[in-house]
Amino acid sequence: MDNELTVIGSELPVLQTKGAYKYLKEITGNGAYYQVAWQKLADGYVALYGTTPVQIRSLPTLNDTFEDEEG
């Protein structure tokens with residue numbers, strides 16, 4: 001299981017259920033699988049894999065303004 005800091009730093013979505021995605025131990029063969037999300041469990045997080053990305057419904061707006069400080 002991965003810790004919360006790893007999950008937050010990964011920028012991948014966190015899902016409550018794994019749906020059609022697979023755990024690494026469930027994947028066989030040489031398919032082009034890649035990590036698409038995390039599943040939150042009671043005692044941590046598990047990486048989920050698939051062949052298509054998870055669609056992120058909404059992203060927070062970044063309101064960072066970079067101003068010239070040379071003034």
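Every side chain to side chain contact (heavy atoms under 4.5 Å, CB included) that Ile27 has, sequence neighbours left out, goes to Lys22, Tyr33, Tyr49. Under the rule for a side-chain hydrogen bond (donor to acceptor under 3.5 Å, both in side chains), the partners of Thr6 that lie at least two apart in sequence or sit in another chain are Asn3. Under the salt bridge (charged side-chain N to carboxylate O under 4.0 Å, His left out) criterion, Glu26 pairs with Lys18, not counting sequence neighbours.
Transitive grouping of hydrophobic side chains (ILVMFWY, heavy atoms separated by less than 4.5 Å) keeps Leu12 and Leu5 in distinct clusters. Note on Val14: it does not cluster hydrophobically with Ile8, by side-chain heavy-atom contacts below 4.5 Å among ILVMFWY residues.
Closest non-hydrogen pair, Ala47 versus Tyr23, comes out as O-CD2, 3.9 Å. Counting all heavy atoms, side chain and backbone alike, Pro13 lies closest to Val36 at CD-O, 3.6 Å.
With values rounded to the nearest 0.5 angstrom, Tyr21 atom OH is found 12.5 Å from Gln39 atom CD.
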